[in-house]
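To start, I am sharing the structure in question, which I have written as structure tokens.
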Amino acid sequence: MAFLTFNKSELVNLEYSLKREIIGSNKTGAYCNTSIVCCNTRRYHGLLAVPVDAFGGAKHILLSGLDESIVLNGRKFNLGIHCYGDIYEPRGHKYIVDFEAAPVPTLTYKIGEITIKKAIILAPDSDQVMIKYELVSSPASCEVEFKPFLAYRSIHKLTGENSEARTDFDEIPGGAAFNMYEGFPDLNIQFSRAAEFDHAPVWYKGITYSDEYRRGFDCREDLLSPGTFRLKLKKGESVVVSASVAVEDAKGLTRKFNSVVKSKGSITSYSDLLKYNADLLIVNRNGHKQIDAGLTWLETGLLRETITALPGLTLYAGAGAKEFEEILDNLIADNEERLYHKTTQVESPLMIADILQQYIHWGADPKKVWKKYGPVIKGVIESYLPGHRAEVALQPNGLLWAQMFRTALTSMNAYINGVPVTERAGYQVEVNAFWYNSICFALEMEAQYNAKNRTFQDKWSEVKAAIESNFEKYFWVEAGGYLADYVDNNGQNMAVRYNQLFAVALDHSPVSDEHKSQVMQTVSNELLTSRGLRSLSPRNEAYRGVYEGSQIERDLAYHQGCAWISPLDYFIDLSFKMVGPSFWKRAEYLVEGFYKDIYKHGVGAFSELYDGDPPHEPHGAISCACSTAALLRIDYLMNKYKKEE
């Protein structure tokens with residue numbers, strides 16, 4: 001897409017280009033992630049990382065990189081780039097003159113009269129990366145050399161030279177197969193045109209990942225290069241290199257590459273870009289569809305993240321009801337223990353009611369929705385009765401008290417040395433907001449579609465009334481005009497956080513209209529930024545406005561000041577309900593910054609979080625499901641209210 005490009009001056013400036021990453025993923029859960037100059041700066045970077053079923057589906061990097069060299073008239077020009085401590089060698093980025101991003105990352109190299117294009121793409125339904133090299137111009141035929149760098153390790157770990165690694169290979173059609181360790185799949189490297197392979201295994205030691213060094217983690221590893229592939233190219237010719245866990249049809253690689261590119265279509269708007277990213281975050285491995293919480297290091301199928309992101313990535317992205325229900329059904333089946341018995345995410349089971357309400361507002365038949373999911377919602381509600389869960393239980397005042405020694409029981413779950421940064425034991429405001437909304441939703445649906453059975457309604461109507469009598473009594477901070485973050489044996493915790501937003505923005509709120517307006521004013525004054533909502537007011541002495549430094553420093557900032565996109569859709573939704581279409585311009589301002597940032601961090605993707613302080617730099621997972629989903633919902637709401645103007 002034309003508006004996602006980088007020029008030569010930006011690319012050769014490593015301080016600039018190494019901070020910008022390309023990311024591709026597919027339905028199998030495989031991914032390709034590196035910097036825009038193809039120099040790996042994180043342990044998570046690699047040309048092909050795949051879930052390995054033999055290891056519980058955990059992702060492992062097989063192919064870390066592929067160095068290319070052009071040989072013309074006896075002179076060799078290496079297009080690769082690696083970091084060794086403070087030294088970059090080779091320095092192939094100096095030949096890059098152009099980069100175009102989504103949907104197909106394409107780099108253009110120029111060496112004198114030689115111009116070569118390199119395009120990288122993942123196959124949509126297989127653990128395969130394909131790279132197409134086209135010799136656009138050259139005064140004569142060139143020899144092109146390809147040197148693979150193998151990792152064969154977990155995405156979370158680093159590796160080193162060792163005697164157990166297998167350095168041999170097997171011949172396969174169009175290439176060679178490698179497998180360093182028992183239990184891993186083969187890595188089949190194949191070429192669409194004839195190539196020779198020179199088997200000469202060498203360990204490249206001390207390859208350094210600058211971003212890991214900056215973050216205070218182990219940052220050096222050794223990678224195995226098993227040898228070099230060589231082939232000839234003339235001006236106008238191209239070759240497709242495939243790295244796959246299966247042996248591919250080498251002769252059909254060009255056709256397959258072109259077919260995948262065609263299927264990607266074009267991206268001409270920010271809405272297109274959001275939908276493109278939504279598709280990347282939905283995985284369908286072994287027929288089991290799930291949401292990847294965030295590329296590249298967050299896990300797939302997480303409970304809270306899936307519930308939060310599900311409406312956005314399916315309903316508001318245009319995928320529709322079938323995909324929404326398929327992913328939700330899988331989530332429910334995978335999480336019966338958490339939904340009905342025990343979880344350290346006490347609000348998450350209660351959030352299902354909210355996304356079902358969104359589903360109904362989107363257009364689903366409420367009767368069918370309740371017939372299918374009513375038993376789940378009622379089962380979740382019943383599980384919060386005393387004696388069912390060790391971590392949380394209903395109190396006589398109608399509210400939920402959640403507490404477990406040295407355990408964070410909500411979304412604010414950062415730990416330092418095993419101790420939660422924000423334990424928040426007691427009555428948490430958002431937990432009780434989702435609790436009230438779930439009960440109201442269930443009572444509403446039961447009254448309409450199961451009116452003859454009064455047992456549930458009689459029992460839980462009393463709890464609903466108790467919540468309505470006590471919620472503001474416990475949480476309302478009269479002097480500040482906002483809701484306390486939580487209430488424990490010492491009384492109200494006065495921290496101003498976005499958690500209170502859910503108590504006023506859900507379909508059913510235990511907060512009066514007058515107090516709703518005051519909450520929104522406080523959130524707007526103290527938490528709202530041009531990059532989402534701060535997790536803590538800057539007025540608080542614990543506030544950390546920048547997500548940088550060591551792991552401890554970053555964990556202290558994670559929920560103590562970082563700005564998040566994920567709750568912004570609730571703020572904008574309620575603002576539209578309160579103000580109407582006149583809020584449209586304000587909503588536009590609140591999201592336009594995220595589209596400006598598609599040149600940063602993950603190029604063309606939407607980050608997990610931002611600094612709470614200006615200039616609000618992006619951090620965290622470079623393509624986050626919850627962030628992408630929130631922006632999709634906001635896009636949906638803005639289109640809806642624009643039509644009403």
Side-chain angles (χ1 to χ4, degrees), residues 308 312 411-412 422 429-430 433 475-477 480-485 493-506 509 511 513-547 557-597 600 606-620 624 626-638 641:
T308 301
S411 62
M412 295 191 163
T422 49
V429 65
E430 80 280 15
F475 289 105
W476 183 246
V477 181
Y482 66 97
L483 296 169
D485 187 48
N493 179 278
M494 310 295 278
V496 177
R497 298 187 183 274
Y498 68 65
N499 299 318
Q500 64 185 299
L501 179 62
F502 298 106
V504 298
L506 295 173
S509 169
V511 180
D513 288 344
E514 179 186 354
H515 288 169
K516 278 184 184 180
S517 297
Q518 291 179 262
V519 167
M520 288 293 281
Q521 190 62 53
T522 299
V523 170
S524 181
N525 290 344
E526 300 194 34
L527 304 178
L528 187 64
T529 76
S530 60
R531 297 298 187 278
L533 292 168
R534 294 187 183 101
S535 47
L536 182 65
S537 168
R539 296 170 183 256
N540 194 296
E541 61 181 13
Y543 174 79
R544 301 265 181 141
V546 178
Y547 185 76
Y558 197 55
H559 294 299
Q560 300 284 76
C562 285
W564 296 75
I565 309 175
S566 52
L568 184 61
D569 57 328
Y570 287 90
F571 180 87
I572 289 177
D573 182 32
L574 183 55
S575 296
F576 272 127
K577 289 175 180 175
M578 295 174 72
V579 180
S582 62
F583 187 75
W584 199 93
K585 280 294 182 183
R586 177 67 170 164
E588 183 182 44
Y589 165 75
L590 291 174
V591 298
E592 63 185 2
F594 302 115
Y595 302 123
K596 294 177 183 177
D597 286 345
K600 295 181 178 180
F606 301 95
S607 302
E608 180 183 4
L609 53 90
Y610 282 79
D611 289 334
D613 287 348
H616 305 298
E617 291 299 314
H619 299 282
C624 177
C626 294
S627 298
T628 306
L631 290 171
L632 278 159
R633 185 184 180 201
I634 293 168
D635 189 60
Y636 174 86
L637 290 169
M638 290 180 67
Y641 282 95

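Note that the structure is predicted; figures quoted are calculated from it, not measured.
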**Study point:** Beyond-backbone contact of Ser535 with Tyr558, side-chain heavy atoms, under 4.5 angstrom
**Key:**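 Answer no - side chains too far apart.
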Review point. Can you tell if the side chain of Leu574 reaches within under 4.5 Å of the side chain of Met520, non-hydrogen atoms only?
Key: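 With C-beta onward as the side chain, the pair touches.
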Point to revise | From Cys626 atom SG to Leu568 atom CG, the distance as rounded to the nearest 0.5 Å | key: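 Separation between the atoms: 13.5 Å.
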**Study point:** Sub-4.5 Å side-chain heavy-atom contact between Asp485 and Thr422
**Key:**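 No - every pair of side-chain heavy atoms lies 4.5 Å or more apart.
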Practice item. Indicate the atoms forming the closest heavy-atom contact of Ile572 with Ala587, along with that distance. Key: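 Nearest pair, atom of Ile572 first, then Ala587: CG2-CB, 4.1 Å.
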**Study point:** Heavy-atom pair with the smallest gap, counting every atom of Val511 and Lys516
**Key:**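 Closest pair (atom of Val511, atom of Lys516, distance): O-CE, 3.6 Å.
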Exercise for review: Could you label the plane-to-plane angle of the Phe583 and Phe576 rings as parallel, tilted or perpendicular, counting under 30° as parallel and over 60° as perpendicular?
Suggested key: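 Perpendicular, since the angle between the ring planes exceeds 60°.
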Check your understanding: Does Leu501 reach the side chain of Glu430, with side-chain heavy atoms less than 4.5 Å apart?
Key ->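 No. Closest side-chain heavy atoms not under 4.5 Å.
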Check your understanding: Quick one: are Arg586 and Ser575 in side-chain contact, heavy atoms under 4.5 Å?
Key ->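 Side-chain contact under 4.5 Å: no.
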Exercise for review: Decide yes or no for Arg534 and Tyr498: does some side-chain heavy atom of the first lie under 4.5 Å from some side-chain heavy atom of the second?
Suggested key: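 A side-chain contact is absent here, since even the closest heavy-atom pair is not under 4.5 Å.
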Exercise for review: Given side-chain contact (heavy atoms from CB on, under 4.5 Å), test Ser537 with Tyr543 step by step and report yes or no.
Suggested key: CA-CA 7 Å; Ser537 168; Tyr543 174 79; over 6 Å; no
Point to revise | Heavy-atom closest pair, residues Ser607 and Ile565 | key: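 Residues Ser607 and Ile565, closest heavy atoms: O-CD1, 3.6 Å.
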Exercise for review: Measure the shortest side-chain to side-chain distance between Lys577 and Tyr641 over non-hydrogen atoms and say whether it is less than 4.5 angstrom.
Suggested key: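 Heavy-atom side-chain distance check passes, below 4.5 Å.
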Point to revise | Trace of the side-chain contact (heavy atoms from CB on, under 4.5 Å) decision for Phe606 with Cys624 | key: CA-CA 6 Å; Phe606 301 95; Cys624 177; over 6 Å; no
Practice item. Report yes if some heavy atom in the side chain of Leu590 is under 4.5 Å from a heavy atom in the side chain of Leu528; otherwise report no. Key: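 Leu590 vs Leu528: side chains touch.
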**Study point:** Inter-residue atom distance Asn540.CG - Gln560.CD, 0.5 Å rounding
**Key:**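 It comes to 7.0 Å.
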Check your understanding: Say you draw a straight line from CD of Glu588 to CE of Met638; how long is it, rounded to the nearest 0.5 Å?
Key ->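 So the gap between those two atoms works out to 5.5 Å.
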**Study point:** Partner of Trp564 under side-chain contact (heavy atoms from CB on, under 4.5 Å), chosen from Leu527, Thr529, Leu609
**Key:**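 Checked Leu527, Thr529, Leu609 against Trp564; only one passes side-chain contact (heavy atoms from CB on, under 4.5 Å): Leu609.
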Check your understanding: Regarding Arg633 and the six-membered ring of Tyr570, is the cationic atom NZ or CZ under 6.0 Å from the ring centre and inside 45° of its axis?
Key ->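 The answer is yes, since Arg633 meets both limits relative to Tyr570.
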Check your understanding: For the atom pair CD (Gln518) and CG (Leu483), what is the distance rounded to the nearest 0.5 Å?
Key ->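 That separation rounds to 10.0 Å.
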Review point. CD/Glu608 to OH/Tyr547 distance, rounded to the nearest 0.5 angstrom?
Key: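 Answer for the CD-OH pair, Glu608 versus Tyr547, is 6.5 Å.
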Review point. Out of curiosity, Asp635 CG to Tyr595 OH, how far, rounded to the nearest 0.5 Å?
Key: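 With rounding to 0.5 Å, CG (Asp635) is 5.0 Å from OH (Tyr595).
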